[in-house]
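All heavy atoms count here, side chains included; hydrogens, waters and symmetry mates do not.
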Amino acid sequence: MSAILLAVLCVAGIGLVAAVALAAADKYLSVKEDPRIGMITAALPGANCGGCGFAGCDGYARALVAGTAPNGACAAGGDACAAEIAKILGVEAAATEKRVALVKCCGTRSEAIRVGDYNGICDCNVAAATAGGDKGCAYGCLGYGACANVCPKHAISVVDGLAKVDKRLCIGCGKCVKACPKHIIELVPAAATIHVLCANPDKGPAVRKVCGVGCMGCHLCERNSGGKEANHFAFQGFLAKINYENPPTDEQIVAKCPAKCMSVDPHFETGH
């Protein structure tokens, strides 16, 4: 027998033994995956946005099957998705409240004072690291699109130096909330229509020095919506904040706001 034939037979024999060993390992050592993982992954929207707190839809599906994640954490899927997952897991469906991002600022370039001319990288985090940014209001939207850059659904656009959210596209993943260096983006109930678009808690005169549409803390919105007892508003310093557990519904309070920092569903004013 030639040396070449012997070598071929040896390699073939080693390959056969390895194949048999792998087949045996697959049969006796492999861990069977719960089929519900694949079913739940298929039921999820596939956005892989991470809003549920897990690394993508597959990670959330595995956590659901393991019992370490609550059903209803998928903002993109909503109630329909939660109901389908509940059916797969054999549990009762939990009602979920759709939430969308809200930028708590209405200080456009024409309304808010700029204290410098920023010419660096077009990113809010970089701009904020440069002496806090070029906006006079330390709490205002810088308008360089850090939130828009991370939005998986392209629901955010920057118009006149101000980030705007389109509620029709927003899935409430919260990525923009984490990306904003000024911490002025909040997830609010999609059903709420009246919002205070300001995050500056300073006194009225100080606010007016840097922005023409900042909240002055006059409490007029609270008085016009039934007073303190109605519990539609809370105040942080001199800043009016909507109580989204009990939001106001009378749109007249928006028209009566002397600061013009309130709006009726600003989510559609995107310029798209």
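Residue Arg208 comes nearest to Gly214 through the heavy atom pair NH1-N, 4.0 Å, listed as atom of the first residue, atom of the second, then distance. Looking at every heavy atom in both residues, Gly161 comes nearest to Arg114 through O-NH2, 3.7 Å.
Here the side chains of Arg36 and Leu89 are in contact, with some heavy-atom distance below 4.5 Å. Between Cys105 and Leu197 the shortest side-chain heavy-atom distance does not fall below 4.5 Å. Looking only at side-chain heavy atoms (C-beta outward), Ile113 and Cys211 stay at 4.5 Å or farther from each other. Looking only at side-chain heavy atoms (C-beta outward), Met262 and Cys221 come within less than 4.5 Å of each other. Two residues are said to be in side-chain contact when any heavy atoms from C-beta on lie closer than 4.5 Å; Val207 and Cys137 fail this criterion. Using a 4.5 Å cut-off on side-chain heavy atoms (C-beta onward), Pro248 and Ile242 make contact.
Tracing side-chain contacts under 4.5 Å through hydrophobic residues (I, L, V, M, F, W, Y), one never reaches Val213 starting from Val264; they form parts of separate clusters. Residue Ile184 is not grouped with residue Leu162 when hydrophobic side chains (ILVMFWY) are merged at heavy-atom distances under 4.5 angstrom, including chains of intermediate members.
Checking each of Pro258, Cys261, Cys257 against Met216 for a side-chain contact (heavy atoms from CB on, under 4.5 Å) leaves exactly one that passes, namely Pro258.
Listed by chain and residue number, Glu33, Asp58 satisfy the salt bridge (charged side-chain N to carboxylate O under 4.0 Å, His left out) test with Arg62 (two or more places apart in sequence, or in another chain). Shown here are the side-chain hydrogen bond (donor to acceptor under 3.5 Å, both in side chains) partners of His219, two or more places apart in sequence or in another chain: Glu222. Residues passing the ring pair (Phe, Tyr, Trp, His ring centres under 6.0 Å) test with Phe238, sequence neighbours excluded: none.
The closest side-chain donor-acceptor pair between Asp134 and Tyr144 falls under 3.5 angstrom.
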Evaluation steps, side-chain contact (heavy atoms from CB on, under 4.5 Å), between Asp202 and Tyr139: CA-CA 10 Å; Asp202 295 342; Tyr139 306 90; 3.7 Å; yes
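The main-chain N or O of Asp265 is never found under 3.5 Å from a side-chain atom of Thr193 such that the two would form a donor-acceptor pair.
In this structure, Tyr244 has its ring center closer than 6.0 angstrom to the ring center of His195.
Atom NZ of Lys98 has more than 12 heavy atoms from other residues, nucleotides or ligands within 6.0 Å.
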